[in-house]
Amino acid sequence: MDLVQMPSSVTAIRWVQTICTCFFATFSAWLPMPGRSTAVQEQTTREYRNARAGVAYVGDETCRECHEPQYNDFKKTGMGRSLSIPGPGNWAEFTKRVTLDSKKLGRSYTVTVSGGKMYHTESKTGADGKPEYSEKHEVAFTVGSGDLGRSYLVAKGDALFVSPISYYSGIRGWDLSPGYEAGQFLSFTRPAWNLCVSCHAGLSRPILGTRNRYQVPPFRFLTVGCERCHGPGELHVRERRENAPLRGAIDFSIVNPARLPRQLRDDVCKQCHLLGDAQVLRSGKTYMDFRPGTPLDNVVSIFSAPVTANVDHIKALSHPEQIEMSRCSINSNGQLGCITCHDPHVQLRGAEAVVGRGVPGRHELALADVHSDNWTIAPERP
């Protein structure tokens with residue numbers, strides 16, 4: 001089967017063999033909400049100035065100074081809790097010593113806590129009942145919000161690896177991590193790939209030309225934050241603090257994804273929600289070189305073998321290609337995108353996600369919108 005390249009757009013996802021199945025974070029964008037303006041935003045082809053090289057990242061705490069409501073809402077979402085350092089305040093999955101025996105691998109795994117730190121141990125016992133092997137590592141980072149589960153990273157020098165065991169919220173218990181359950185990896189040897197790690201961190205610091213090696217410390221910002229979708233904030237923060245006059249109706253010092261042309265708008269989500277069958281980084285680039293408002297293809301070439309949409313089975317990282325092959329997207333002439341229905345600033349749960357406070361459900365509002373003559377891509381925001 002021939003492989004074809006589509007600029008930052010792919011179909012067919014084969015992620016079952018990669019660790020990112022358990023590194024699942026929901027990247028989407030915003031949708032009209034009750035009490036917010038739903039006027040259609042004018043799209044622009046002008047360049048956002050913070051997308052240029054040299055503009056620095058400032059971190060969520062700086063954004064919080066002026067956008068505290070959005071900050072507080074976002075920190076409750078899966079993305080806002082995507083990566084953490086394990087400690088007594090955030091290991092709800094650990095209540096007592098855990099022992100997991102894998103007959104398939106012939107090994108045992110334990111989770112223990114000592115001195116306020118979490119440790120994972122893999123061991124093997126011989127036929128005579130005597131210990132043959134044991135390897136113990138301190139858990140350096142917890143990956144995932146816990147909504148679906150958590151995986152764990154251990155450090156060996158400047159390299160990060162995935163622990164053989166993960167916590168799964170669906171079963172409220174521990175089991176082998178993806179890759180280990182199939183016997184592909186043993187003994188803390190599954191690399192924490194740059195792509196997976198970058199999509200679960202606010203700002204990772206990979207070493208160029210390596211798969212899973214990072215500068216020390218490996219992260220400047222732990223959790224996914226504002227700047228992953230809006231771009232680096234240094235220019236915007238400086239100009240707003242100086243009360244610099246705007247040069248028009250649109251503030252081009254910070255990316256507003258809703259105003260981007262369709263392809264650039266969707267690239268913001270595709271940086272983490274689109275895998276394809278193969279990816280090739282451009283020479284001298286890392287995944288962190290992508291900036292919202294610029295083509296994803298400038299950083300990475302994504303290849304795929306197109307297939308038809310499978311509406312009965314949605315994979316962890318197949319959202320964009322499923323959308324693009326859907327009848328809704330085709331009939332919308334390309335206007336339908338992630339942010340037509342999804343709001344990354346909030347995460348609704350339970351009945352609230354369907355019907356909220358006497359108004360139509362969030363997705364009902366989106367359907368009413370896209371089936372009318374007036375498309376609402378995103379609400380106006382201050």
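Start at 1 with the first residue, then count along the sequence.
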Are any non-hydrogen side-chain atoms of Tyr48 and Leu260 less than 4.5 angstrom apart?
-> yes
Would you mind checking if Arg190 and Glu122 are paired as a salt bridge, meaning a charged N to carboxylate O distance below 4.0 Å?
-> no
Exam field: side chain Arg220 to backbone Gly59, donor-acceptor pair closer than 3.5 Å = no
Could you tell me whether a side-chain N or O of Ser163 sits under 3.5 Å from a main-chain N or O of Leu153, the two making a donor and an acceptor?
-> no
Distance-only, no hydrogens or angles: does the Ser169 side chain make a donor-acceptor pair with backbone N or O of Gly146 under 3.5 Å?
-> yes
Residues, nucleotides or ligands: over 12 heavy atoms within 6.0 Å of Arg247 CZ = no
Lys270 and Glu324: salt bridge (charged side-chain N to carboxylate O under 4.0 Å, His left out), yes or no, with the steps?
-> CA-CA 12 Å; Lys270 290 177 180 179; Glu324 289 180 4; 2.6 Å; yes
Crowding at NZ, Lys76 (>12 non-hydrogen neighbours, <6.0 Å) = no
Worked check of side chain to side chain donor-acceptor pair (under 3.5 Å) between His236 and Asp251 | CA-CA 9 Å; His236 177 69; Asp251 184 356; 3.2 Å; yes
For this output row, return yes or no: ring centroids of Tyr109 and His120 closer than 6.0 angstrom.
-> no
Look at the side chain of Asp60 and the backbone N and O of Cys226, then say whether any donor-acceptor pair between them is shorter than 3.5 Å.
-> yes
Quick one: are Arg228 and Leu203 in side-chain contact, heavy atoms under 4.5 Å?
-> no
Answer yes or no: is there a donor N or O on one side and an acceptor on the other, between the side chain of Gln271 and the main chain of Val268, under 3.5 Å?
-> yes
Would you say the side chain of Gln347 lies within less than 4.5 Å of the side chain of Met79, judging by non-hydrogen atoms?
-> no
Mind telling me whether His230 and His345 have parallel, tilted or perpendicular rings, with 30° and 60° as the class edges?
-> tilted
Over 12 foreign heavy atoms within 6.0 Å of CG, Asn243 = no
Given the side-chain rings of Phe161 and Phe185, with only the six-membered ring counted for Trp, is the space between their centroids under 6.0 Å?
-> no
On the ring face of Tyr133, is Arg107 found with NZ or CZ under 6.0 Å from the centre and within 45° of the axis?
-> yes
Going by the ring-ring contact (aromatic ring centres under 6.0 Å, His included) test, name the single residue among Tyr167, Tyr119, Trp174 that passes it with Tyr152.
-> Trp174
Between Lys75 and Thr223, is any side-chain donor less than 3.5 angstrom from a side-chain acceptor?
-> yes
Can you sort out the partners of Tyr71 under ring-ring contact (aromatic ring centres under 6.0 Å, His included), two or more places apart, ordered by chain and number?
-> none
Salt bridge or not for Asp289 and Arg282, using N-O below 4.0 Å?
-> no
Does the ring center of Phe188 lie less than 6.0 Å from the ring center of His137?
-> yes
Residues Lys104 and Glu181 bridged, charged N to O under 4.0 Å | no
